[in-house]
Student: 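First the structure, then my questions, so here it is.
To find a chain, count down the sequence lines: A is the first, B the second, and so on, and within it residues start at 1.
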Amino acid sequence: MTDASAAAQRAASVPVIVGANQGPSQPGARPDEDLLAGLNPQQREAVTFRGQALLIVAGAGSGKTSVLTRRIASLLRGREAWPSQILAITFTNKAAGEMRERVENLIGDSARGMWISTFHSACVRILRREAEQFGFTKSFTIYDSGDSRALIKRLVKEHEADAYGLTPAATQSRISKLKNELSDAESYARSANMADPAERVFVELFAAYQRELQRANAFDFDDLIGQTVFLFRAFPKVADVYRRRFRHILVDEYQDTNHAQYALIHELTRPIGSGAEPHSAGGMMIFDPDPADDPDKAGASLTVVGDSDQSIYAFRGADIRNISEFERDYPGAKVVLLEQNYRSTQNILSAANAVISNNFDRKDKKLWTDVGAGEQIVGFTGYSQHDEAQFVADEIEALHRAGANYSEVAVFYRTNSQSRALEEIFIRSALPYKIMGGTKFYERAEIKDALAYLVAVANPADEMAMRRIINRPRRGIGDVTVEAISRYAQEEGITFRDALANSSALGVGPKIQSAIAHLDAVLAEASALMLPASGELAPPTAVAEGVQLLLNKSGYYDALRASKDAQDEARIENLDELVAVAREFARNNPEGTLLDFLTEVSLVSDADDLEDASGSVSLMTMHTAKGLEYDAVFVTGVEEDLIPHRISANEPGGPQEERRLFYVGITRARKRLYLSLAMTRAQFGEVTVAMPSRFLQEIPAELLTWRQSPGDVNSRGGTQSRALNARRQSGSGYGGAGKRYGDDLVPLPRREPGGNLERFANKIPAKVRDNGDMELAPGDRIRHDDFGEGRVDAVTGEGAKRVAHVRFDTAGPKKLLIKIAPIEKL
DNA sequence: ATCGTCGATTTTTTT
DNA sequence: AATCGACGAT
């Protein structure tokens, strides 16, 4: 959905607040008094301040979205700005949609015409308009990371670069990092050590990649930003158009901007005319008078909102300095601090504060609230990830029975793969849930195929798309033929797409020739349908019909229908879904073109269209959770190697960023927070023993109640549990009083056979109890080191994950992981 | 050119 | 556990 149509749609159903369309402000009267209702002094300041630059340091839950929307509303209400003069940048499309809706709630329809979008969407709009300035056409394709990886993979192979340790993944990430720094192959080559052959090959790859993008008339995600900056710098006149237009620029989540995004904002906020080249006259350089002195040419006013404690995207180039050095970049900037939290209970905030305070080199900031302590944080340790998931499911059911709505509950995890176990248990428990993000609809192979067909129509220069579809469904066109076509196209100086029209000139067999000719005809027919001659307007349904035409006449549908593979049935359903999406798009955007549709599906992630998670529990990664809030939050997998993730644990700044991520997770909770972990976790088909996360011990013990502590589960005997309990009762964190463990230590004590209590290093202990393949059956009597004797009720699970359900004579029913539980058969 | 099998490799997070 | 790529058989 485009911004405009979304706006129109919502405007219809949104009540307009009284006072929205009053005339121009009268002197002395505040036109925006109602906008300030319920705000604290700092928030008011953030709404009403007027000046060139404003930094709002907004702690989690401090009402920053409210402040931002009211600030926009007050600019519009006071006639200080037309909607078209406002550019608001958010992190996700969903956030953009919400912001637009909230502004409209405040001032009604007059909000139309604002640009509220992500960096990427805004840049696409600019680039589509200006692409012809620098060697692209407006019908350029947007390559997502999968597309660019496919291209890089091909190039790596062609250059035999893997011999130099340049894997596709590594190459892609290096190129991306460089682009985020606005570096290109040429400038990188200047600073690189070209004596190193690996470096030379990399530079070559980088250059080749960029050449291919240009040839395909395509931008990758990073280019969308980087090339816009390039455009502004190379064509100051173009930049001035946008500088003149956007007088008020607001950027949310500023702590997660990378250098390219920073530069883009910088370009946009420069004084109008400032990019003009100094001209020389008679051998003397003449500089125009500083435009900043001219009020008509002053740069746009800039408002940024952020919280460096919530910076969690350094891995993709976010530069925390953008926010920490804002005052240096924009001298005279006003800084407003929002520390009062309106979201969570004090217990949750105290835990969050305690955790984040372990990050050094941060400005101390303490969230506070006046809503009271609230519930204790609940901890739980499962035997396995399934056990953990069961706890989560049971607890959610309990909350639900107590009156909670499922949609007010969320479950977070560090990695997408963790959602599996949760899903399995949720399905079994008949818990309604929805996974946000995760495996994306638009990343499914059949959807990518269908989109590639559309791209082939929209942007014939895109050889990647052509290569993708040329033998899908199978038409007997293999590598040899593809290369023949490619070579022919290069020789003739035409596109791959156009080469299809000359199938007889390729020197391939008649069967293949006719296959090529057929594909060519299908594409041509689709073009006629979706891209009518200039001046005419394609019917709104053209895209939906076009997809169907392509899938039908290309034989794609037929091939799936003929297949015996059960999965192919699901694929057909997915494709039907895509057609439905196209129809929906047409409804919302009667004038939407094929390009608009492709742009939307390239930039809108699944996490964005989470509209009606109503009635469902939300499952998502902690990254996805940023900016959201729920009454009850379950943070799962609070284990070493997960949070902090093992990969970042050894990277500079890694543990700190992971801590911020954990902090983000915690601060999403309004009333109830659950932290859970499992003692064992299966990965790569192997069961490994997991350790409690180092971050757990940073939470003061008095805030946390364990339903089942790590000691209860892991212990090799009662002494340890008691030791742990004793520590906890002593009151200062179960990491131990006054003693700080280094980041490389985990606080669980362990009793050695000799009887010494000692901490062990952050590694899986060399000796975990291993009962091997001890066989247990219902009815067997066993003895547990801690719980005494009991009788086995049932055994579930398989292999290393077998769990015994035991009813102990004194300790009651327990679930034990047979492989590692301190038990013996009697 | 296509299909099947084996073995390698994987999982960090996302616009 | 599951997916992907390489290789060999048809």
Side-chain angles (χ1 to χ4, degrees), chain A residues 89-96 117-124 142-146 148-150 153 157 162 167-169 173 176 179-180 219-226 253 256-258 260-261 311-318 412-421 424 436-440 442-443 445 471 473-482 508-509 511-512 515 565 567 599 601-608 620-627 637 641-649 651 654 657-658 660-662 664-665 681-688 798-799 801:
Chain A
I89 301 286
T90 58
F91 201 65
T92 63
N93 294 289
K94 177 176 143 275
S117 69
T118 62
F119 272 107
H120 297 268
S121 300
C123 285
V124 171
I142 300 163
Y143 280 9
D144 66 20
S145 2
S148 85
R149 193 172 52 241
K153 194 179 273 177
K157 201 178 263 175
D162 39 0
T167 62
S173 112
S176 175
K179 284 187 174 184
N180 286 334
F219 295 102
D220 65 18
F221 277 152
D222 300 316
D223 278 346
L224 294 177
I225 317 287
E253 307 285 9
D256 283 324
T257 52
N258 62 35
Q261 292 164 336
S311 160
I312 54 175
Y313 284 103
F315 72 89
R316 71 174 204 215
F412 301 157
Y413 35 80
R414 177 62 230 275
T415 68
N416 279 306
S417 61
Q418 289 169 252
S419 67
R420 272 238 174 107
E424 280 170 28
M436 313 294 194
T439 313
K440 298 191 166 69
Y442 293 110
E443 281 172 18
N471 200 29
R474 305 248 124 99
R475 345 181 131 82
I477 299 176
D479 286 351
V480 181
T481 311
V482 169
V508 296
K511 227 175 173 163
I512 296 179
D565 190 338
Q567 281 203 325
T599 301
V601 299
S602 310
L603 294 180
V604 172
S605 67
D606 285 352
D608 286 325
M620 70 191 86
T621 67
M622 284 186 243
H623 282 89
T624 306
K626 190 170 73 161
D641 289 352
L642 232 35
I643 174 98
H645 196 273
R646 66 161 48 185
I647 291 178
S648 53
E651 280 172 6
E657 174 147 324
E658 298 282 313
R660 289 193 294 269
L661 185 56
F662 188 49
V664 166
R681 195 165 283 277
Q683 51 178 353
F684 311 142
E686 292 239 313
V687 176
T688 53
E798 284 184 2
K801 288 181 284 185

Student: With no hydrogens and no angle check, is any side-chain donor or acceptor of A:Asn180 less than 3.5 Å from a backbone partner on A:Ala318?
Tutor: no
Student: Could you give the distance separating C:dC4 and B:dT13 at their C1' atoms, to the nearest angstrom?
Tutor: 23 Å
Student: A:Gln418 and A:Thr415: side-chain donor and acceptor closer than 3.5 Å?
Tutor: yes
Student: Within the pair A:Thr92 and B:dT14, is there a side-chain N or O less than 4.0 Å away from OP1 or OP2?
Tutor: no
Student: Give a yes/no on whether any side-chain N or O of A:Thr624 is located under 4.0 angstrom from OP1 or OP2 of B:dT14.
Tutor: yes
Student: Considering residues at least two apart in sequence or located in another chain, which fulfil the salt bridge (charged side-chain N to carboxylate O under 4.0 Å, His left out) criterion with A:Arg474?
Tutor: none
Student: Which pair of heavy atoms, one from A:Asn93 and one from A:Ser121, lies closest together, and at what distance?
Tutor: OD1-OG, 3.3 Å
Student: Please enumerate all residues that pass salt bridge (charged side-chain N to carboxylate O under 4.0 Å, His left out) together with A:Asp222, with sequence neighbours excluded.
Tutor: none
Student: Taking salt bridge (charged side-chain N to carboxylate O under 4.0 Å, His left out) as the test, write out the residues that go with A:Arg316, two or more places apart.
Tutor: none
Student: Would you say A:His645 places a side-chain N or O within less than 4.0 Å of OP1 or OP2 belonging to B:dT12?
Tutor: yes
Student: Would you tabulate the nitrogen or oxygen pairs shorter than 3.5 Å linking the protein to nucleotides 3-10 of chain C?
Tutor:
| unit_1 | atom_1 | unit_2 | atom_2 | d |
| --- | --- | --- | --- | --- |
| C:dG5 | OP1 | A:Lys153 | NZ | 2.8 |

Student: Please determine whether a side-chain nitrogen or oxygen atom of A:Asn416 lies at a distance below 4.0 Å from atom OP1 or OP2 of B:dT14.
Tutor: yes
Student: Do A:Thr415 side-chain and B:dT12 base share a donor-acceptor contact under 3.5 Å?
Tutor: no
Student: For B:dT14, is there a stacking contact with A:Tyr313, counting only centres under 5.5 Å and planes under 30°?
Tutor: no
Student: Polar atoms only, N or O, under 3.5 Å: list the protein pairs with nucleotides 1-7 of chain B and their distances.
Tutor:
| unit_1 | atom_1 | unit_2 | atom_2 | d |
| --- | --- | --- | --- | --- |
| B:dA1 | OP1 | A:Gly478 | N | 2.7 |
| B:dT2 | OP1 | A:Gly476 | N | 3.1 |
| B:dT2 | OP2 | A:Asn471 | ND2 | 3.1 |
| B:dC3 | OP2 | A:Arg474 | NH1 | 2.6 |

Student: Answer yes or no: is there a donor N or O on one side and an acceptor on the other, between the side chain of A:Asn471 and the main chain of A:Arg475, under 3.5 Å?
Tutor: yes
Student: Listed by chain and number, what are the salt bridge (charged side-chain N to carboxylate O under 4.0 Å, His left out) partners of A:Glu253, not counting sequence neighbours?
Tutor: A:Lys64, A:Lys626
